Amino acid sequence: MAHTNAREAAPATIAGSATVTGEIAGDIVDWFAENARELPWRRPGFTAWGVLVSEFMLQQTPVTRVIPRLEEWLDRWPTPEALASAPSGEAVRAWKSLGYPRRALWLHACAVTITECHGGVVPSDVGELLALPGVGDYTARAVAAFAYGARHPVVDTNTRRVLARAVDGNAEPAPPSKRDLAAMDALLPADPVRARAFNAGIMELGAVVCTARSPRCESCPVRELCAWRAAGYPEYDGPRKAVQKRFEGSDRQVRGLIMAELRAAHVPVSHEEIGRLWPDAAQLARALAGLLADGLAVPSPQGGITLPE
DNA sequence: AAGACGTGGAG
DNA sequence: TCTCCAAGTCT
């Protein structure tokens, strides 16, 4: 398996006790203070709006791909009000090839709601954040914690993997569940400043050390406390994760081709032009129908298809 | 509550 | 080449 060079002799450690989990949090906070990457959203004075935009872009998308889009976006639309006054199609166009373009539409809708219902200020309340389109358990708490310093458990895929290994002794986390929030909450330092650092630090640890493929256990700050290591790095034995379907030839690929065409065009794209994008007419029609249903594409009064207003 | 939803880099 | 998977959310 992939962890061969990370394995070491299993120490006799009692993992999972309150003491150990408290040490884990403290060690991660200390490690993060020394090892945090310099990222745009960690710059002093980065706005709550910037945090919200970055969290949308980071959903299922690697940091390195997000950074250039984020900088462009915030230069152009530095406030929710600025984005709200632009056509939603411009948001989709500026999203470029980040993927999952519904996020651009949702982010635009967030800007409109924030402008009209929240006085142009990104909400700090988790309930109000959850009410925004495209904002789920992760993003709502990430904004509350990172933009406003509130003490909430922030649970993403990195956090779940680190907790699965260090606390539960499993190679991989169980499928996401509401219980993850409670589990993280139990580890969260009482002090909001440290809680914030722990939330960010455990994500960072999962992103750069306790990675999915080849964890760098030799440089892990909680190596000595890790339940997975203590158990001798047992392989994952839970339910098999659903295999992601092949992208080549998929409806997703066809949707992507159509969206790329709409982004590139500044006049309506004719059905004939769309027809040239993909040989399978039935699949193409299905993809286009889906985009129309999602509001990512709209019929133009003059004929053809465009991005939304 | 599985499955849909983009894209591209790494191994 | 091909599989995995990356700061999730929605239905």
Side-chain angles (χ1 to χ4, degrees), chain A residues 1-5 32 36-37 39-42 50-70 92 95-107 109-110 129-147 153-162 172-178 180-181 184 196 199-208 210-215 236 239-263 286-287 289-291 293-296:
Chain A
M1 94 174 221
H3 313 299
T4 310
N5 53 12
F32 186 60
R37 290 170 293 177
L39 296 170
W41 43 93
R42 292 177 183 164
V51 171
L52 181 64
V53 174
S54 70
E55 294 300 347
F56 261 87
M57 291 184 171
L58 287 163
Q59 291 171 5
Q60 296 284 283
T61 308
V63 165
T64 54
R65 220 174 297 166
V66 163
I67 290 174
R69 290 297 85 73
L70 178 67
V92 174
W95 201 256
K96 300 188 177 175
S97 62
L98 269 183
Y100 295 141
R102 288 189 288 197
R103 292 181 292 170
L105 225 42
W106 287 333
L107 187 50
C110 283
L129 286 161
L130 284 171
L132 298 171
V135 176
D137 284 329
Y138 166 75
T139 302
R141 288 171 180 80
V143 171
F146 301 141
V154 180
V155 178
D156 79 330
T157 186
N158 292 304
T159 300
R160 295 193 309 106
R161 185 174 54 251
V162 174
E172 294 176 34
S177 113
K178 294 288 183 186
D180 300 334
L181 278 179
M184 183 62 181
R196 184 181 190 278
N199 277 317
I202 196 168
M203 289 169 62
E204 185 84 346
L205 187 63
V208 306
C210 192
T211 54
R213 217 88 66 100
S214 303
Y236 178 69
R240 201 63 200 154
K241 279 199 295 272
V243 220
Q244 195 169 26
K245 285 216 299 208
R246 172 180 201 80
F247 180 69
E248 293 296 323
S250 68
D251 286 8
R252 287 164 124 170
Q253 183 182 22
V254 183
R255 284 170 60 104
L257 289 171
I258 297 172
M259 289 308 298
E261 190 74 15
L262 296 181
R263 286 197 306 269
R286 189 165 68 237
L291 292 172
D294 292 341
L296 283 165

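Heavy atoms only: backbone and side chains are in, while hydrogens, waters and symmetry mates are out. In what follows, every chain begins at residue 1, and chains take the letters A, B, ... in the order their sequences are listed. Just so you know, these numbers come straight off a predicted model, no measurement behind them.
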Open item on the list: Considering every strand and a 4.0 Å limit on heavy-atom distances, what is the contact class for A:Val66: base, sugar-phosphate, or nothing?
Closed with: nothing

Open item on the list: Less than 4.0 angstrom between a side-chain N/O of A:Thr64 and OP1 or OP2 of B:dG9, yes or no?
Closed with: no

- [ ] Answer yes if the side chains of A:Gln59 and A:Tyr138 hold a donor-acceptor pair under 3.5 Å, and no otherwise.
- [x] no

Task: Test side chain to side chain contact (heavy atoms under 4.5 Å, CB included) applied to A:Lys96 - qualifying residues, sequence neighbours left out - done: A:Arg69, A:Glu72

Task: Rounded interatomic separation in angstrom, taking CZ from A:Arg69 and P from B:dG6 - done: 17 Å

Open item on the list: Can you measure A:Met259 atom CE to B:dG6 atom P for me and round it to whole angstrom units?
Closed with: 8 Å

- [ ] Flag the pair A:Arg141 and A:Asp137 as a salt bridge only when some basic side-chain nitrogen lies within less than 4.0 angstrom of an acidic carboxylate oxygen.
- [x] yes

TODO: Using a 4.0 Å heavy-atom cut-off across all strands, classify A:Phe56 as base, sugar-phosphate, or nothing.
DONE: nothing

TODO: Would you check if there is a donor-acceptor pair between the side chains of A:Arg161 and A:Asn158 at a distance under 3.5 Å?
DONE: yes

Open item on the list: Any base atoms under 4.0 Å from A:Pro101, or only sugar-phosphate, or nothing? Heavy atoms, all strands.
Closed with: sugar-phosphate

Task: Protein-nucleotide distance (A:Lys241, atom NZ; B:dA4, atom P), rounded to Å - done: 18 Å

TODO: Give A:Val135 one of three labels, base, sugar-phosphate or nothing, depending on what nucleic acid heavy atoms sit under 4.0 Å from its own.
DONE: sugar-phosphate

TODO: Report the distance from atom CG of A:Leu181 to atom P of C:dT9, rounded to the nearest whole Å.
DONE: 11 Å

- [ ] Grab the CG-C1' distance between A:Leu129 and C:dT9 for me, whole Å please.
- [x] 15 Å

Open item on the list: B:dG3, OP1 or OP2 - any side-chain N/O from A:Lys245 closer than 4.0 Å?
Closed with: no

Task: Spacing between A:Arg103 atom CZ and B:dA4 atom C1', to the nearest angstrom - done: 14 Å

Task: Atom-pair distance (CZ on A:Arg246; C1' on B:dG6), nearest Å - done: 15 Å

What does the list of N/O pairs under 3.5 Å between the protein and nucleotides 6-8 of chain C look like, with a distance for each?
residue, atom, partner, partner atom, Å
C:dA6, N6, A:Gln244, NE2, 3.4
C:dA7, OP2, A:Asn158, OD1, 3.0
C:dA7, OP2, A:Asn158, ND2, 3.4
C:dA7, O5', A:Asn158, ND2, 3.1
C:dA7, O4', A:Asp156, OD2, 2.6
C:dA7, N9, A:Tyr138, OH, 3.4
C:dA7, N6, A:Trp41, NE1, 2.4
C:dG8, OP2, A:Gln60, N, 3.0
C:dG8, OP2, A:Gln60, NE2, 3.3
C:dG8, N7, A:Gln60, NE2, 3.4

